[in-house]
Amino acid sequence: MPDASTLVTQTDPHALVRELEGKHLIDGALVPAASGKSFDVVNPANLQVIGQTAEGDAEDVARAVEAAVRAQRDWAEMPARERGKLIVACGRLLEQHKEELAKLVALETGKALRTESRVEAGVLADAFVFYGGLASELKGESVPFNPNMLTVTSREPIGVVGAIIPWNVPMMLMAFKIAPALVAGNAVVVKSAEEAPYAVLRVCQIMNQVLPKGLFNLLSGFGPECGQPLVAHPKVGKITFTGSVEAGKAVYRTAAEKLIPVTLELGGKSPMIVMADADLDKAVAGAVSGMRFTRQGQSCTAASRIYVQRSLRDAFVEKLKAKVDAMVMGDPLDEATDIGTIVSQQQFERVKSYIAQGKAEGGTAHLCSQVPADEALLQGYYVQPVIFTDLPADSRLITEEIFGPVTCVIAFDDYEEVIAAANDSVYGLAATIWTSDLKTALNATKRLEAGFVQVNQNLVVMPNLSYGGIKQSGLGKEASLEAMLENFTHKKTVIFNME
């Protein structure tokens, strides 16, 4: 196994890009795409090309999957606790490289270093330590089937897991997929997001200092040419995907042809309900964090529908605007920056079109913060956060996922009315209720149609918090022991006849 000390830290993200550009990581080595093709990766803060990344296709997928198949056989035979120790070692090593990973993901995604990227890098390392410690929980049960028979169940790995990850929190969401898969005895092949290939590739490079070669492979490329062949490959036995609803449906259709299990985390339009008896200051702070304004609202759990009881609405909007106004938008790598950029031109244009539509519908747009005045950043994908009020109930801004710094504040009078409105969505990922009344809180947690419900807080996803949605927000759970057992193992029943 490679010496974990051979890879030195490098806190210059541009130097890291030069080391990683044009490469996949297959069978323990950085290699170019089989076709020799690559494509540009752009810094969304200034639209400068920071480097190229390998453009993967079916041939690259085949090489990676074959490497994973070879590595998985011995890995599955290793005692579970020994696998867990190696995954913990990966987490400890990633912690040592946290600063470089934070800067690299800030450079390629436009997420602010201080408020977003360092947080993600920390959760990444913690996720591997967390799952490594759960290796002993890969156990079955004794079943009281017949006194003359010994009946037990066991948990066995699936084999090769294919993971397709998004660009908004690429390292963290990758960790919640591959850490449990690896601990459970599987090998993994990851397809990164086109916009954010470098930080996750560096994670893979770091972990390959600890893991047997071929166990963790990472490809970059586009969905049809690289992602689809990964899902369709006959030796991939499980797919875990985070992305849009439409892309998730396409993944599900392909996987269905093979009859393999799929985990999907697809998005949301998360309601936040603020009752008149709520602590106003805490609710406003919860809206700031819940809307993920520091991430330019690019979050599946963003509180993009905020229902505020009418008597509190005006004060809530005033305080929320003041809080967001005080946030500094600027260079993602600047320590003074609170809010970075939108990730790409496509997403930038999408967000701007929603803002224009909200204004055309008669909504009041409360613009917050200020785009940076620095000449070098004027071309970047910066969008002022917007708090919309007075939108019609059927506005697309209220019903559709925008994935940008746009939230809608909607006044309501009646509790039953707001519960119905909150549930009137094709999504069911996250929801919050803000109230000082315990009975109201308990009732809401039971009735809100979401997989992740919080009372008087708006925490981000963390290790050991079971996370996943219902309805079109997806299938399955992540970030928990349950996720490892249900998503990355098969249960086998074994019966011994004792007569």
Side-chain angles (χ1 to χ4, degrees), residues 168 267-276 278 280 283-327 329 338-342 347-371 381-413 417-427 429-434 458:
N168 59 331
K269 191 68 179 175
S270 301
M272 173 177 175
I273 299 173
V274 182
M275 303 300 295
L280 179 58
V284 168
V288 173
S289 61
M291 232 332 271
R292 315 291 184 249
F293 281 118
T294 53
R295 200 188 302 168
Q296 280 279 20
Q298 297 170 122
S299 169
C300 299
T301 58
S304 52
R305 291 186 292 154
I306 305 178
Y307 296 92
V308 183
Q309 204 146 24
R310 195 171 303 278
S311 62
L312 208 61
R313 193 204 73 162
D314 290 349
F316 180 91
V317 171
E318 181 181 352
K319 283 180 172 285
L320 178 58
K321 185 180 187 310
K323 283 278 189 182
V324 184
D325 272 340
M327 300 170 77
M329 195 183 307
D338 297 303
I339 303 174
T341 74
I342 299 293
Q347 191 63 20
F348 178 76
E349 297 297 339
R350 173 183 169 86
V351 172
K352 298 289 278 188
S353 71
Y354 273 104
I355 294 171
Q357 178 165 348
K359 293 176 179 178
E361 291 176 348
T364 302
H366 306 267
L367 300 178
C368 306
S369 188
Q370 294 291 330
V371 296
Y381 299 132
Y382 292 93
V383 175
Q384 281 183 269
V386 185
I387 304 163
F388 268 104
T389 55
D390 309 314
L391 286 167
D394 61 351
S395 170
R396 287 175 56 216
L397 281 75
I398 295 175
T399 61
E400 298 180 7
E401 184 175 39
I402 300 172
F403 226 66
V406 181
T407 191
C408 307
V409 176
I410 305 138
F412 74 92
D413 296 300
E417 163 202 346
V418 77
I419 291 293
N423 290 337
D424 185 18
S425 174
V426 298
Y427 297 105
L429 183 56
T432 63
I433 176 79
W434 300 76
N458 222 325

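Contacts of Y381 classified as ring pair (Phe, Tyr, Trp, His ring centres under 6.0 Å), with partners at least two apart in sequence or in another chain: F348. Every residue was checked against the side chain to side chain donor-acceptor pair (under 3.5 Å) condition with N458, not counting sequence neighbours, and none meets it. Residues satisfying the side chain to side chain donor-acceptor pair (under 3.5 Å) criterion with E361, sequence neighbours excluded, are Q357, S395. Partners of D390 by salt bridge (Lys or Arg N to Asp or Glu O under 4.0 Å), not counting sequence neighbours, listed by chain and number: R313. By the salt bridge (Lys or Arg N to Asp or Glu O under 4.0 Å) test, D424 pairs with no residue at all, sequence neighbours left out. Legend: residues meeting side chain to side chain donor-acceptor pair (under 3.5 Å) with D394, ordered by chain and number and at least two apart, are absent. Contacts of R396 classified as salt bridge (Lys or Arg N to Asp or Glu O under 4.0 Å), with partners at least two apart in sequence or in another chain: E400. Judged as a ring pair (Phe, Tyr, Trp, His ring centres under 6.0 Å), and not counting sequence neighbours, Y427 has no contacts. Judged as a salt bridge (Lys or Arg N to Asp or Glu O under 4.0 Å), and not counting sequence neighbours, E417 has no contacts. Annotation: side chain to side chain donor-acceptor pair (under 3.5 Å) contacts of T432 (sequence neighbours excluded): W434.
Judged purely by atom type and a 3.5 angstrom limit, Q384 uses its side chain to pair as donor or acceptor with the backbone of S369. Put simply, the side chain of E401 never gets that close to the backbone of K269: no donor and acceptor are under 3.5 Å apart. Looking only at distances, no side-chain donor or acceptor of Q298 sits under 3.5 Å from a matching main-chain atom of I342.
The line from OG1 of T407 to CD1 of I387 is 7.5 Å long, rounded to the nearest 0.5 Å.
For the salt bridge (Lys or Arg N to Asp or Glu O under 4.0 Å) condition, the pairs that include at least one residue of residues 283-309, sequence neighbours left out, are E116-R295. Sorted by first then second residue, the ring-ring contact (aromatic ring centres under 6.0 Å, His included) pairs that include residues 349-369, not counting sequence neighbours, number zero.
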